Amino acid sequence: MAVQDACARAPFAADAKAGRGRLHPEPPSPGRSDFRRDCDRVIHSTAFRRLAHKTQVFVYHEGDHFRTRLTHTLEVTQVARSIARQLGLDEDLAEACALAHDLGHPPFGHAGERALDRCLAAHGGFDHNAQTLAVVTRLERRYPAFDGLNLTWETLEGLVKHNGPLVGPRVRRKSGETLCGAASALPLVIRDYDARHDLDLASFPSLEAQVGAIADDIAYDAHDIDDGLRAGLFTLDALAEVEFIAHIVGDICAEHKNIDPARLVHELVRRIITVMIVDVVAETRGRVASLDPASVADVRAAESPLVAFSAAMAAADKAIKAFLWTHMYRHPRVMQVMTAAEGVLADLFGRYVAAPDLLPAEWRHDLPDEPGARARRIADFIAGMTDRYAIAEHRRLFDSTPQLR
């Protein structure tokens with residue numbers, strides 16, 4: 001198969017005109033494709049605006065220049081569009097998947113997710129990916145004819161299956177071990193929506209969705225290095241234990257003698273993103289050439305993902321993540337704040353369960369009697385909070401609130 005020109009549309013790209021539509025049929029938008037319309041709906045959603053005050057790694061008041069969940073999302077979107085453009089894919093669908101991918105994240109990042117997962121342990125647990133589906137299909141209430149944003153099937157597929165099939169023999173563990181996935185093990189929100197609007201959970205998603213997923217990896221590898229250095233959690237010398245990073249730093253220093261340290265870090269981040277994008281595009285073109293898909297249906301029927309790092313870059317990505325896990329995500333300073341943040345959300349959940357009259361009126365209205373459904377509704381409320389709103393609520397309801405610093 002011939003390599004696609006940067007602007008040529010690939011035959012296996014998703015096509016908004018031939019898409020599977022929306023759960024609630026709507027007339028087409030003049031001047032916008034359905035995928036472009038999805039992007040716009042996400043950008044104008046309340047959940048998207050809340051990302052500005054939700055933690056990526058550092059709580060919002062720890063510094064003005066650390067990434068928030070919103071700036072992370074924008075960086076993922078930029079990387080996704082860049083890759084999609086070079087592969088001849090639909091940039092709007094790749095953007096929609098990237099823009100919406102973290103809408104279900106609770107306050108305080110993964111610490112908040114861990115807290116809510118424990119709170120809902122008896123009721124199916126909490127998963128931010130499943131919560132994203134809940135946000136865009138149920139919790140956003142902006143339109144007179146339906147709940148949610150009524151996004152296209154292709155965007156919803158990308159949000160639910162961005163890591164690959166969820167059921168059947170092609171489900172894989174992170175180690176690559178094949179695992180037969182059972183639909184009964186899926187989060188309830190995914191099972192319920194799939195029953196109404198079949199998301200073809202046993203297949204791979206479009207290449208645009210796969211691009212959105214790998215763009216997430218690229219963006220947070222790069223910006224978490226930047227934020228970790230800015231926070232003083234580790235040094236460039238310590239980063240040299242990652243061979244991939246050491247090579248890039250060496251190249252920069254060889255080209256720019258006596259470079260200012262701040263400029264060195266900025267150049268490092270740029271080159272990490274560039275080198276990873278180049279690698280993904282080359283590896284994906286090779287996989288596409290081997291499969292020679294004639295349509296997006298062929299992409300979905302593939303036995304493995306087509307958008308991927310090369311083996312060497314996958315090893316570098318793994319090394320970066322291992323370094324960040326040890327030196328950043330599990331750094332005592334970060335863990336102290338995140339442990340306290342988990343306590344804030346656990347406190348809020350327990351108080352609302354015990355005294356639901358403390359909930360805002362719109363969340364108290366028609367609160368289910370069944371314990372599992374009631375707990376899920378309370379978790380939906382907490383998951384939608386920003387960091388600062390969660391802290392303010394804790395101060396309102398409790399005599400003492402941790403500083404989270």
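Every value quoted in this text rests on a predicted model; they were computed, and no experiment measured them.
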Less than 4.0 Å between a side-chain N and a carboxylate O, is that true for [Y] and [X]?
{"X": "Asp224", "Y": "Arg67", "answer": "no"}
{"X": "Asp92", "Y": "Arg81", "answer": "yes"}
{"X": "Glu393", "Y": "Arg351", "answer": "no"}
{"X": "Asp357", "Y": "Arg364", "answer": "no"}
{"X": "Asp34", "Y": "Arg22", "answer": "yes"}
{"X": "Arg36", "Y": "Asp40", "answer": "yes"}

Check [X] against [Y] and note the closest heavy-atom contact, atom names and distance.
{"X": "Val299", "Y": "Pro293", "answer": "CG2-CB, 4.2 Å"}
{"X": "Tyr389", "Y": "Pro360", "answer": "OH-CG, 4.3 Å"}
{"X": "Arg9", "Y": "Asp15", "answer": "NH2-CA, 3.2 Å"}
{"X": "Gly164", "Y": "Pro205", "answer": "CA-CD, 4.3 Å"}
{"X": "Ala383", "Y": "Pro107", "answer": "O-CD, 3.7 Å"}
{"X": "Ala302", "Y": "Leu291", "answer": "CB-CD2, 3.9 Å"}

Should the pair Arg170 and Phe204 be classed as cation-pi, given the thresholds of under 6.0 Å to the six-membered ring centre and 45° from the axis?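 No - Arg170 does not lie over the ring of Phe204 by the 6.0 Å and 45° rule.
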Under the 6.0 Å and 45° cation-pi test, does Arg41 pair with Tyr143? yes
Taking only residues two or more places apart in sequence, or in another chain, which ones meet Phe126 in a ring-ring contact (aromatic ring centres under 6.0 Å, His included)? none
Residues two or more places apart in sequence or in another chain: which of them pass ring-ring contact (aromatic ring centres under 6.0 Å, His included) with Phe323?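 Phe323 satisfies ring-ring contact (aromatic ring centres under 6.0 Å, His included) with Phe234, His327 once adjacent residues are dropped.
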Does either side chain, that of [X] or that of [Y], offer a donor lying less than 3.5 Å from an acceptor on the other one?
{"X": "Thr155", "Y": "Asp38", "result": "yes"}
{"X": "Asp102", "Y": "Thr73", "result": "no"}
{"X": "Thr46", "Y": "Arg142", "result": "yes"}
{"X": "Lys161", "Y": "Ser203", "result": "yes"}
{"X": "His110", "Y": "Glu113", "result": "yes"}

Measure the [atom1]-[atom2] distance between [X] and [Y] for me, rounded to the nearest 0.5 Å.
{"X": "Ser33", "Y": "Glu91", "atom1": "OG", "atom2": "CD", "result": "11.0 Å"}
{"X": "Ile378", "Y": "Tyr352", "atom1": "CD1", "atom2": "OH", "result": "9.5 Å"}
{"X": "Ser304", "Y": "Arg287", "atom1": "OG", "atom2": "CZ", "result": "6.0 Å"}
{"X": "His365", "Y": "Leu359", "atom1": "NE2", "atom2": "CG", "result": "13.5 Å"}
{"X": "Asn129", "Y": "Ile190", "atom1": "CG", "atom2": "CD1", "result": "7.5 Å"}

Could you list the residues that satisfy side chain to side chain donor-acceptor pair (under 3.5 Å) with [X], not counting sequence neighbours?
{"X": "Asn150", "value": "Glu26"}
{"X": "Gln131", "value": "Asp380"}
{"X": "Asp251", "value": "none"}

Under a 3.5 Å distance rule, please check whether Arg20 uses its side chain to pair with a backbone N or O of Glu154 as donor and acceptor. no
More than 12 heavy atoms of other groups within 6.0 Å of [X] [atom1]:
{"X": "Arg263", "atom1": "CZ", "result": "no"}
{"X": "His24", "atom1": "NE2", "result": "yes"}
{"X": "Glu243", "atom1": "CD", "result": "no"}

Give the C-alpha distance, both sets of side-chain angles, the deciding distance and a yes or no for side-chain contact (heavy atoms from CB on, under 4.5 Å) between Leu236 and Leu239. CA-CA 5 Å; Leu236 276 172; Leu239 262 174; 4.2 Å; yes
Against Leu151, only a single residue in Val136, Leu133, Thr137 fulfils side-chain contact (heavy atoms from CB on, under 4.5 Å); can you say which? Val136
Any side-chain heavy atom of [X] within less than 4.5 Å of one from [Y]?
{"X": "Arg377", "Y": "Pro368", "value": "yes"}
{"X": "Arg114", "Y": "Asp117", "value": "no"}
{"X": "Met328", "Y": "Asp227", "value": "yes"}
{"X": "Arg271", "Y": "Ile252", "value": "yes"}
{"X": "Phe66", "Y": "Thr71", "value": "no"}
{"X": "Leu87", "Y": "Leu207", "value": "no"}
{"X": "Asp226", "Y": "Leu268", "value": "no"}
{"X": "Arg285", "Y": "Val288", "value": "no"}

Can you check side-chain contact (heavy atoms from CB on, under 4.5 Å) on Met385 and Leu348, steps first, answer last? CA-CA 11 Å; Met385 292 179 175; Leu348 290 175; 4.0 Å; yes
Show your reasoning for whether ring-ring contact (aromatic ring centres under 6.0 Å, His included) applies to Tyr193 and His197. CA-CA 6 Å; Tyr193 189 83; His197 196 195; 5.5 Å; yes
Asp298/Phe12 under side-chain contact (heavy atoms from CB on, under 4.5 Å): CA gap, chis, key distance, verdict: CA-CA 8 Å; Asp298 291 341; Phe12 44 80; over 6 Å; no
Applying salt bridge (Lys or Arg N to Asp or Glu O under 4.0 Å), run through Arg374 and Glu370 and close with a yes or a no. CA-CA 6 Å; Arg374 175 174 288 215; Glu370 194 277 316; over 6 Å; no
Verdict with supporting geometry, Cys97 and His162, side-chain contact (heavy atoms from CB on, under 4.5 Å): CA-CA 9 Å; Cys97 292; His162 63 277; over 6 Å; no
Step by step, would you call Arg118 with Glu342 a salt bridge (Lys or Arg N to Asp or Glu O under 4.0 Å)? CA-CA 10 Å; Arg118 286 195 295 271; Glu342 290 181 40; 2.3 Å; yes
Indicate every side-chain donor-acceptor pair of residues 213-223 with a distance under 3.5 Å to a residue at least two apart or in another chain.
residue: Asp216; atom: OD1; partner: His72; partner atom: NE2; Å: 2.9
residue: Asp221; atom: OD1; partner: Lys321; partner atom: NZ; Å: 2.9
residue: Asp221; atom: OD2; partner: Lys321; partner atom: NZ; Å: 3.4
residue: His223; atom: NE2; partner: His72; partner atom: ND1; Å: 2.8

